[in-house]
Amino acid sequence: MYSKIMVPVDLAHADKLEKALRVAADLSRHYEAPILYVGISSSLPGPVARTPEDFAKKLKAFAQAQAGERGIEAEARTYTSHDPARDLDTTLARAIKENGVDLVVMATHAPGAPEYLFASNAGYLAQHAPVSVFVIRD
Amino acid sequence: MSDDQSALIPDGEADVIDTEYEIGQDNIQPQIGPFGLDIHNPVFLISGLAIVAFVLVTLAFQNSLGPAFSDLRNWLTGTLDWFFLSAANVFVVLCLVLVVSPLGKVRLGGTEAEPEYSYSGWFAMLFAAGMGIGLMFYGVSEPITHYGTSVAANAGSPESWAPLGGAPGNIAEAGKLGMAATIFHWGLHPWAIYAIVALALALFAYNKGLPLTMRSVFYPIFGERVWGWTGHVIDILAVLATLFGLATSLGFGASQAAAGLHFLFGLPDNTTMQVVLIIIITGMALTSVVAGLDAGVKRLSEINMVLAALLLLFVLFTGPTMALLRGFFDNLIAYAEYLPALSNPIGRADDNFRQGWTAFYWAWWISWSPFVGMFIARVSRGRTVREFITCVLLIPSLVSVFWMTVFGGTAIHEVVNQGYQAVTDADLPLKLFVMLEQLPLHQISSFIGIILVIVFFVTSSDSGSLVIDTITAGGKVEAPTPQRVFWASFEGLVAIALLLGGGLTALQAMAVSTGFPFTIVLLLACYSIVQGLRSERQVVKEAEAQAAE
């Protein structure tokens, strides 16, 4: 049914994404579809990492940990953005196109600051993406 | 935008500073109504409260504060003029040394970093943020004013405002001096101030891995203390300087747009009109910041550049074209010739000019510098220091020379060769439109002029809000959008409060008073830059040596 699942990850709040991560892993095993974890970094130092290179390393480690823990096939890809507060949704839309993704699983309610950002991003993707978007409520 | 946004930007060697500090560790995430915020605790609260208090006090005592503000401004520029002039000279010299020294090879973002923006997008943004409204406001008025005071019979007397004693009665020499003095204020010195701040911020963010706020620049001096109150004070100063600097130019913009609308369409030119304009334009700035850096700020800056280029070419071709083209080179020579005398901080007789113009400008540029510098830093990753200074110092200075030549040169030509006195007699904000009236199709060109003033206003306000938002979020660029909205609105409010509470004098006084402490901050930053670049070179060399083995 699905051949590649994309899961956008906010590494700063990865602990709050458990539900979406679990659902994505279940679907991945069910359809035997690998998961692509996508992270978006600014080129500036941020809370997660101080260089984009470092950010990419952390995301890769995250994907490997997920693969081991949940018994799935996983890869990671980091995108950099000039203004992550505002162009996250368009960057994710591009990630879908560039990676041949056919299902997106994403959380909409990581509590705290980025909460409404996530909501608006999932909403944007559900509305504009050419593929299925599974929006996971907390 | 370059295409490499989609891929990871390679970093290569860089000397990342080892610190325990985590970006955002001092942030709090309060929930206000439906909005979640993510703000740096003391910096946001203190600068926010200080500004709210300032707006209230200014509005409450509007009539009695005017004289106090103008006294403050006169005292600062009158007593400390030597300090402002010397500091600006230090910045120019340091920039020029960096261009030719081996430190110029350091690349912002590490040896392998690639530029994120094309030259045109980058240049449009830094120019629109850096000078914008000022070029519209002073492009005609400043050369014509300096020319007028220089040629007047009383030039050189203590009451005269002429630069360097002027050239009484000598039309050719006074024109030359007028242009040189204007270019002096818009050339190497202001851009050197911006370049220093921008370079410092970019270096410590991209190469050293510290958050994009002013305090990071002081890591070599204060060490871990920059994360405590030392750093809070520096960041709060940066926020206040940015806000008052921006409000000053928003005030100029509003007064010029109102004057232009009155001149063209007979709309009332009063404080109410200016307040309405500030509100409308702040609304446009809000839309732009909410759209984001690429979709809002960058796009508007590019539109702005196109409009400005059109107006420039229009004046060039309908004005005295050949004289202007020759004038460009003559003015460059005049600038070089008068530069040593104009930048000399001591032992001069032209008090009015040196204190009222030069010292005021330097303080104003410096109060703008955290904002312009941070904005330039944000879009400059991947450039080498040499490339960076060439594009932030030398090219904009040349563009300023050309702009001033075309607008000021045309106005002086109108006065001298056509006996057109109106442009000399008009008020400062109106001079641009009065000059355009002598050229064909002036209704269209004046209208474009007003639009440009307004769009420049918007591009300064939106990029300024992004910058203040990042500082008050402790260097986080992904802070929630309501914070940008808050700061953009407050810039408008501060501009309105200052206009009502004492007019432009109040605006200028605030810009100058925040500029002074920041000058000290910038002098310290010069030391940090040199330290930072040297350690960067060291690491790159070691890595090269290892690779060779």
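Proteins come first, then strands; the chains are lettered A, B, ... in the order of their sequence lines, and each starts at number 1.
- For A:Lys58, the NZ atom counts as densely surrounded, since its 6.0 Å shell holds more than 12 non-hydrogen atoms of other residues, nucleotides or ligands.
- Around CZ of B:Arg537, the count of heavy atoms belonging to other residues, nucleotides or ligands within 6.0 Å exceeds 12.
- In this structure, no portion of B:Val379 lies under 4.5 Å from any heavy atom of chain A.
- Proximity to chain A (any heavy atom under 4.5 Å) is shown, for B:Ala377, by neither the backbone nor the side chain.
- Summarising the geometry of A:Pro45 relative to B:Ala205, their closest heavy-atom pair is CG-O, 3.0 Å, with the distance given to 0.1 Å.
- More than 12 heavy atoms of other residues, nucleotides or ligands lie within 6.0 Å of CD in A:Glu69, so this atom counts as buried by the packing criterion.
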Side-chain atoms of residues 28-38 of chain A: list all donor-acceptor pairs with protein atoms under 3.5 Å, sequence neighbours left out, distances to 0.1 Å.
residue, atom, partner, partner atom, Å
A:Ser28, OG, A:Ala33, O, 2.7
A:Arg29, NH1, A:Arg70, O, 2.5
A:Arg29, NH2, A:Asp26, OD1, 2.7

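- Looking only at heavy-atom pairs under 4.5 Å with chain A, the residue among B:Gly292, B:Ala202, B:Pro211 that has the most is B:Gly292.
- Atoms OG and CZ, on A:Ser42 and B:Arg381 in that order, are 8.5 Å from each other to the nearest 0.5 Å.
- Contacts of B:Glu542 classified as salt bridge (charged side-chain N to carboxylate O under 4.0 Å, His left out), with partners at least two apart in sequence or in another chain: none.
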